[in-house]
Each structure stands twice: as C-alpha cells, then as structure tokens.
Amino acid sequence: MDDRELIERAGKAREHAYGRYSGVKVGASVLTESGEVFSGCNVENASFGLTICAERAALFAAVAAGHRKIKKVAIVAEGMEFPTPCGACLQVMREFDVDEVIIAGSDGKVDTYELSSLLPKPFRL
Ligand code: THU
C-alpha cells in the first residue's frame, strides 16, 4: 500500500462524509503495522459538539478491529484547502504510535509530516 493508494482510500471515505453544518467533508485512511487499511469520515451533528473528525473515526475503526499500531494516516478534504488535523486528532494519533501524516491539499499537492513535528509535546500519563 503506497501513499497514493492510501490517499485514494481516504478520498473514497470522504464521499460518505456528513458535513451538513460546516460544508467541510473530510476522509481519512489509516495504515496499520500489519498492512491493513481502515477509513473514516467526519460525521457532524445538530448538536455541534458531538461531531467526530474523519481521522478519529478511522483510528477508532482500526482499534475496534484489534489494531493498536498505526503507521500512517492519509487525509483528504473538500471545502478547505489543506486539512491539517486538529489537536485532538493528533493526540489520538500519538496514542497509537502514528509515524507519518499525509495531507492531500485541494490543489493535488501532497505533504507528508512526521507526527512528532505536528505534535512535538503530546500529553502523556
Ligand atoms: N474535521 C475533521 O474531520 N478533521 C480535523 O482534523 C478537523 C476538522 C471536521 C470536523 C467538522 O465536521 C469539520 O471538519 C469542520 O470543523
């Protein structure tokens, strides 16, 4: 599974995004250490605080299937130029040892970041 394929899978998940209130539709796919892919999309709610981001939806799908080591996360969005993950999603990525975050901008440009550069000082217990 190369980065391009992972981005394509995130794009497929984005087709199901429920961005009714913000107009933003996000898809994310995660690659587990064992090479499996899980995807998620943002799901908004009339009670705004109940909204879940695409990245956490994808990460939680992987965890629910028994995967706790995630290598990469790819993110694609419609309705925003460059979907840098929010702090909450970065913190959840840290929990499951994500190394790389691949962000596909609306202009087709793809940037890859080490998670540690996006979240240099995560909360730890
Ligand atoms: N959103 C994500 O899916 N991922 C992020 O990292 C940040 C924001 C979603 C949540 C909400 O549905 C919409 O984008 C606007 O905030």
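Start at 1 and go down the list; that is how both ligands and their atoms are numbered.
Looking at D99 and K71, no side-chain N of the basic residue comes within less than 4.0 Å of a carboxylate O on the acidic one, giving no salt bridge.
Put simply, the side chain of F96 does not reach to within 4.5 Å of the side chain of K69, judged on heavy atoms.
Between the N42 side chain and the A17 main chain, no donor and acceptor come within less than 3.5 Å of each other.
In terms of polar-atom proximity, E44 is counted as a contact of ligand 1, with an N or O under 3.5 Å from an N or O of the ligand. At under 3.5 Å, not a single nitrogen or oxygen of C53, backbone or side chain, sits near a nitrogen or oxygen of ligand 1. Any N or O atom pair closer than 3.5 Å counts here, and T84 shares no such pair with ligand 1. Checking only distances, C86 does come within under 3.5 Å of ligand 1, N or O to N or O.
Between the side chains of S22 and E44, at least one donor N or O sits under 3.5 Å from an acceptor N or O.
Distance check: T84 OG1 to I75 CD1 gives 8.0 Å after rounding to the nearest 0.5 Å.
Enclosure of atom CD in E114 is not indicated, since only 12 or fewer non-hydrogen atoms of other residues, nucleotides or ligands lie within 6.0 angstrom.
Heavy-atom contacts of T51 reach the following atoms of ligand 1: 10 (C), 11 (C), 12 (O) (cutoff under 4.0 Å). Ligand-side atoms of ligand 1 in range of N42: 3 (O), 9 (C), 11 (C), 12 (O), 13 (C), 14 (O), range being under 4.0 angstrom from any heavy atom. Ligand-side atoms of ligand 1 in range of S22: 13 (C), 15 (C), range being under 4.0 angstrom from any heavy atom. Interface atoms of ligand 1 facing P85, defined by a heavy-atom separation under 4.0 Å, are 6 (O). Here is the list of ligand 1 atoms found below 4.0 Å of a heavy atom in E55: 2 (C), 3 (O), 4 (N), 5 (C), 6 (O).
V76 and V37 fall within the same hydrophobic cluster, defined by Ile, Leu, Val, Met, Phe, Trp and Tyr side-chain heavy atoms under 4.5 Å apart, directly or through other members.
The nearest heavy-atom contact from the protein to atom 14 (O) of ligand 1 is V24 CG1, 3.7 Å.
Every ring pair (Phe, Tyr, Trp, His ring centres under 6.0 Å) that Y21 has, sequence neighbours left out, goes to F48.
Within a 4.0 Å radius of atom 3 (O) of ligand 1, the protein has at least one heavy atom.
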